[in-house]
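Note sheet for the following structure.
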Amino acid sequence: MVRSAIDPIRPGASLILAWQIKHKHVVIIGGGFVAAGRLVNVLEADAKVTVICPENEELSETVRQHLQDHPENTRLVARAFQDSDLTTRFGEHSSTPSPSSPEPVSAGDADNGGSSGNDVNSEPAVDMVLSAIDDIPLSTHIYNLSKRLRIPVNIADVPPQCDFYFCSTHRDKSLQVAVSTSGKGPKLANLIRRHIADHLPNRVGEAIDQVGILRAKLRSMAPGPEVGPKRMKWMSRICEQWKMEDLATLDEKSMEIVLSGFKDDIVYSYEQVQENLKSAATASKSEVSGVTAISSDKSQTQKARLILVGAGPGDPELLTRKAVRLLEEADLVVADRLIPMEVIDLAKGEVRIAPKKRTVLPIEQPQTDASPIPSTSADNPTVNSSDGEAGESVKSKSSDFIQDQLNEWCLQGLLEGKTVVRLKQGDPFIFGRGAEEILFFRSHGFEAEVVPGISSALSAPISANIPLTHRGSSDQIVITTAQAKGGVLPDNFPIYDPKKTVVILMGVGKAKEISDLMQSSKLGWPANIPAVIVENAHCPNERVMDATLETLAQVVEEQKAVPPSVFVVGWAGSVLRG
């Protein structure tokens, strides 16, 4: 027998699947940080969720808020876990312990899978169990109970007691990219996922959504299994021949042109479709007098509107009501690359997100006296976009190119008479370089409005329970950046004052330099003064790390702190944090 040349089996992998749990019942035990992440994951998959957490254990703000916002899909059972929870249907759990509730499970009982008197032979009423607690004996008991009931189970941070692992995921509308290390390196999975996300084509999520609409139209136009192979082959050619950015621009009119080629098995190119649309528009304009046409163009520009909107630190609920309304009303939203998709998804019109590299647009504006504005966190995966300023390790030439791209997108929309929202991280005027953008657009004849946002310089300390001002501890706040012009530390870092609190943005990559400079004889800050690191403030993956000025760099390195992070240095850091 001759063996074929096939790839050998490589054991040790996980089977990565997209699990459909819509309307399925998921039980989450715990209410802390890990439970919050699990809750977000399963709610986005449209599951029904029961959260079980004793009253004496504090729920994370994320869990509490989602329970309030999604009462139709969530239930809170404010007591300890009991075995019958896995045989109780969604919404029927008792919030008080039943007479047969188990006593606290000992390690020996857990290992033996003891049921503590509950009927574990009942029919399971749960489709998935997620344990997010630190109680190892109880978690082991939950695992053994779930296995006997044949319910898929995940015990956080205990890979041997997991039927499945949670991947590090990137989501952009219908696109989901998952990275798994089979439970061996969650942090590495995070870093790899971010690297992949940074290198995805621009507007890929929009492209997928538009292709989905196109496929549905094609199936409606040419139904039946007999034309299925032709449909698949034709759609494949569309996806292969069109650029991702061009697929994202598909609208009703362009789809009509594309679909008109299916009968004759023709795939029209993006350029052919645009030419067809242009010809149709020209034919339509030919019916109007030249004077009227010129007047129309001028009126378009006159109705254009540009608004710089602060997106806050990342939590959609920290947006102003005006910002939300403008996002919904805008024809075009041009956004910084590190603004969370939960905020960007509020936009109803076209969205363009700062690209990794500059792409050429149909319009190229002449150079002006206005200085090009560095990129808002669009040049490097290690950018710290605390408030929109170009982040760590940014190469000025590349960031200028990215900013040129953002300016062109906004300018193109304004010339077409659109309402354009320039969405900027944090507040546009707190290290957001908003004034420079205003000067650029003013030089082209457009005046901008500004909507303030909550700066992470003010919100991150609150998230870490640090009062920036406190009688007897702090009566002065200094907000500075670790990324002055040229990517260097500012030459006017504040001199030590025991009642001064310093907030430093974009400092992760310069923690050692900051520590050394502030402790120098020139500035005189004491080595033991609190230096608190707030990473991803007000986001589900927020972390707060305590250090002193002397240990700042060490903590950043050991904890693998990543942008966006804020440093808070001063005695105010010990008022409420001990």
Report yes or no: does [X] contribute a side-chain atom to a donor-acceptor pair with the main-chain N or O of [Y] at less than 3.5 Å?
X: D427; Y: I454; result: no
X: T481; Y: A484; result: no
X: R577; Y: A572; result: no
X: Q210; Y: L250; result: yes
X: R75; Y: P71; result: yes

Please name the residue in the list L247, L175, D172 that meets the side-chain contact (heavy atoms from CB on, under 4.5 Å) test with I208. L175
Do you know which two heavy atoms are closest between [X] and [Y], and how far apart they sit?
X: L332; Y: W409; answer: CD2-O, 3.5 Å
X: P428; Y: P452; answer: CD-CA, 4.4 Å
X: A311; Y: V343; answer: CB-CG1, 4.4 Å
X: V34; Y: A156; answer: CG1-CB, 3.9 Å
X: E206; Y: A248; answer: CB-CB, 3.8 Å
X: A511; Y: V556; answer: CB-CG2, 4.0 Å

Can you name the residues that form a ring pair (Phe, Tyr, Trp, His ring centres under 6.0 Å) with [X], not counting sequence neighbours?
X: H66; value: H70
X: H25; value: F90, H93
X: Y270; value: W242

For the residue pair [X] and [Y], establish whether any side-chain heavy-atom pair is separated by less than 4.5 Å.
X: T74; Y: V51; value: no
X: L306; Y: E449; value: no
X: N73; Y: V49; value: no
X: L59; Y: L67; value: yes
X: E535; Y: V562; value: yes
X: V258; Y: I238; value: yes

Under 3.5 Å donor-acceptor pairs involving side-chain atoms of residues 316-327, not counting sequence neighbours:
| residue | atom | partner | partner atom | Å |
| --- | --- | --- | --- | --- |
| T320 | OG1 | A323 | N | 3.0 |
| R325 | NH1 | E329 | OE1 | 3.3 |
| R325 | NH1 | E329 | OE2 | 3.4 |

Test of understanding: with side-chain hydrogen bond (donor to acceptor under 3.5 Å, both in side chains), list the residues that count as partners of [X], not counting sequence neighbours.
X: S463; answer: E542
X: R231; answer: none
X: D331; answer: none

Hey, could you give me the [atom1]/[atom2] distance between [X] and [Y], rounded to the nearest 0.5 Å?
X: T249; Y: K243; atom1: OG1; atom2: NZ; answer: 11.5 Å
X: Q559; Y: K187; atom1: CD; atom2: NZ; answer: 10.0 Å
X: F164; Y: S180; atom1: CZ; atom2: OG; answer: 12.5 Å
X: T62; Y: H538; atom1: OG1; atom2: NE2; answer: 11.0 Å
X: L259; Y: Y268; atom1: CG; atom2: OH; answer: 11.0 Å
X: H444; Y: C410; atom1: NE2; atom2: SG; answer: 11.5 Å

Suppose we screen for salt bridge (charged side-chain N to carboxylate O under 4.0 Å, His left out). Which residues come up paired with [X], at least two apart in sequence or across chains?
X: K560; answer: none
X: D251; answer: none
X: E447; answer: R442
X: E275; answer: none

Run the side-chain donor-acceptor check on residues 38-47: report pairs under 3.5 Å with partners two or more places apart or on a different chain.
| residue | atom | partner | partner atom | Å |
| --- | --- | --- | --- | --- |
| R38 | NH2 | N154 | OD1 | 3.4 |
| N41 | ND2 | G37 | O | 3.2 |
| E44 | OE1 | R171 | NH1 | 3.3 |

Does [X] have more than 12 heavy atoms from other residues, nucleotides or ligands lying within 6.0 Å of its [atom1]?
X: E58; atom1: CD; answer: no
X: Q68; atom1: CD; answer: yes
X: D157; atom1: CG; answer: no
X: E55; atom1: CD; answer: no

Evaluate the side-chain contact (heavy atoms from CB on, under 4.5 Å) criterion for residues L218 and M235: first the C-alpha distance (whole Å), next the side-chain angles of each, then the deciding distance (0.1 Å), finally the verdict. CA-CA 9 Å; L218 176 60; M235 279 300 308; 3.7 Å; yes
Do [X] and [Y] meet the criterion of a side-chain donor-acceptor pair at a distance under 3.5 Å?
X: R352; Y: Q412; result: yes
X: R305; Y: T419; result: no
X: Q272; Y: N276; result: no

Verdict with reasoning, E437 to K424, per salt bridge (charged side-chain N to carboxylate O under 4.0 Å, His left out): CA-CA 11 Å; E437 292 193 22; K424 300 179 71 63; 2.7 Å; yes
Could you tell me whether [X] and [Y] make a salt bridge, using a distance below 4.0 angstrom between a side-chain N and a carboxylate O?
X: R337; Y: D198; value: yes
X: K418; Y: E416; value: yes
X: E256; Y: K217; value: no
X: D246; Y: R203; value: no

Show, in sequence, the C-alpha distance, side-chain angles and deciding distance for V351 and I353, and conclude whether the side-chain contact (heavy atoms from CB on, under 4.5 Å) test is met. CA-CA 7 Å; V351 176; I353 301 173; 3.9 Å; yes
Between V177 and R193, does a side-chain contact (heavy atoms from CB on, under 4.5 Å) hold up when you go through it step by step? CA-CA 8 Å; V177 178; R193 182 260 304 164; 5.8 Å; no
Go through the steps to decide whether T501 and V478 satisfy the test side-chain contact (heavy atoms from CB on, under 4.5 Å), and finish with yes or no. CA-CA 6 Å; T501 304; V478 176; over 6 Å; no
